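Note that the structure is a prediction, hence the values are computed from the model and not measured.
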Amino acid sequence: MDQLLDILRAAGEPSRLRILAILNHGELTIGELTYVLRQSQPRISRHVRLLGDAGLLHRYPEGSWVFCRLERRGDVGRLLSQILEHVDLDAGVLQADLARLNDIRQERQGRASQYFTENAATWHDVQALYVPETEIETHMLSLFPPHALECLLDLGTGTGRMLEVFGARAEEAIGFDLNTQMLALARARISDAGLSNCQVRQADIAALSVPAASADLVILHQVMHFLDNPELVMREAGRVLRVGGRVMIADFASHSKEWLREEHAHRRLGFADGEIMEWLELNDLALLHTKHMVNKSVKDGLDVVLWVAEKQGAA
């Protein structure tokens, strides 16, 4: 009873209800919530703290940013979902909030697109500064599903490296990306490799035009740290995977290198095991393997983690 009253008190305030409604569209930083709601940062921080104390959202400090994310699990998550179903998104104030949220997303996408376009030709040179690609690929290969693959999906395919390396192991392999220049390089790469079973498509990887339960393997290779809402992309991976299908995530471990945000368009400074585990569990994905790879080739480099999970289903 006390927890229910705490939740209703926390949610039953106009600004805090607006925050919950906006976060239902994906995680945001305190600064972004300040922009969306047009309120001061101290006031937003207070609202976020009260919502966090009531268990309605989680706060994740990361460098100089604090990310806010709704609680989606358990009884609290179900209650919050029911509350948000009754929020009128057509109300004037929320329409204005959503318009400003769209401004933020477009600005982020513009920065990322410009970065990828400017660096597409030298993409692998940039990655070589902090990622031991051959080591990652070797581990991924050792953990590939033991059965034959009908369909492999590479989300955020970039220059198509994952298709080049692993595409021949599936009857059909599709890479998805938004950046057209990256896709042009990917097409050239798979054509040069003679991979007639591989193709690339321009698409938002959080909203694929792919049927549910149609993929045997989903790869997310060094893409999560660029994403506005990695939680939504993980949800999409869970949706498109068949029962018994696997997702392979290769990305950076948590770090504190703020300069990667400005110089290389990174939105997230890596990920902790617990954060990835939470997203996997929410989407019926059971963790099979975690491999931490320390970068020894670059002084003060970045560590890479490989997470492999399997889609669960009814017995």
Flag, side chain of [X] to backbone of [Y], donor-acceptor distance under 3.5 Å:
X	Y	result
Arg239	Ala213	no
Asp216	Cys151	yes
Asn179	Gln181	yes
Thr157	Asp154	no
Asp284	Gln312	no
Glu164	Arg189	no
Ser81	Gly77	no
Lys311	Gly238	yes

Return yes if a side-chain donor-acceptor contact under 3.5 Å exists between [X] and [Y], otherwise no.
X	Y	value
His25	Asn229	no
Thr180	Gln202	no
Asp251	Trp307	no
Asn24	Arg72	yes

Flag if over 12 foreign heavy atoms under 6.0 Å of CZ, Arg46: no
So does [X] pair up with [Y], basic N to acidic O under 4.0 Å?
X	Y	value
Arg267	Glu32	yes
Arg242	Glu150	yes
Asp6	Arg9	yes
Arg59	Asp53	yes
Glu275	Arg268	yes
Arg161	Glu133	no
Asp103	Arg100	no

Plane angle bin for His225 and His266 - parallel if under 30°, tilted between 30 and 60°, otherwise perpendicular: tilted
From Arg69 atom CZ to Phe67 atom CZ, the distance as rounded to the nearest 0.5 Å: 8.5 Å
Determine whether [X] and [Y] make a side-chain contact, defined as any pair of heavy atoms from C-beta on separated by less than 4.5 Å.
X	Y	result
Arg43	Thr34	no
Leu217	Pro145	yes
Met293	Leu306	yes

Phe166 vs Phe144, ring pair (Phe, Tyr, Trp, His ring centres under 6.0 Å): CA-CA, chis, key distance, verdict: CA-CA 9 Å; Phe166 305 118; Phe144 247 62; 4.9 Å; yes
Check against side chain to side chain contact (heavy atoms under 4.5 Å, CB included), Cys68 and His58: CA-CA 6 Å; Cys68 303; His58 298 283; over 6 Å; no
From CA spacing to verdict: side chain to side chain contact (heavy atoms under 4.5 Å, CB included), Glu137, Met162: CA-CA 9 Å; Glu137 291 165 5; Met162 293 295 98; 4.0 Å; yes
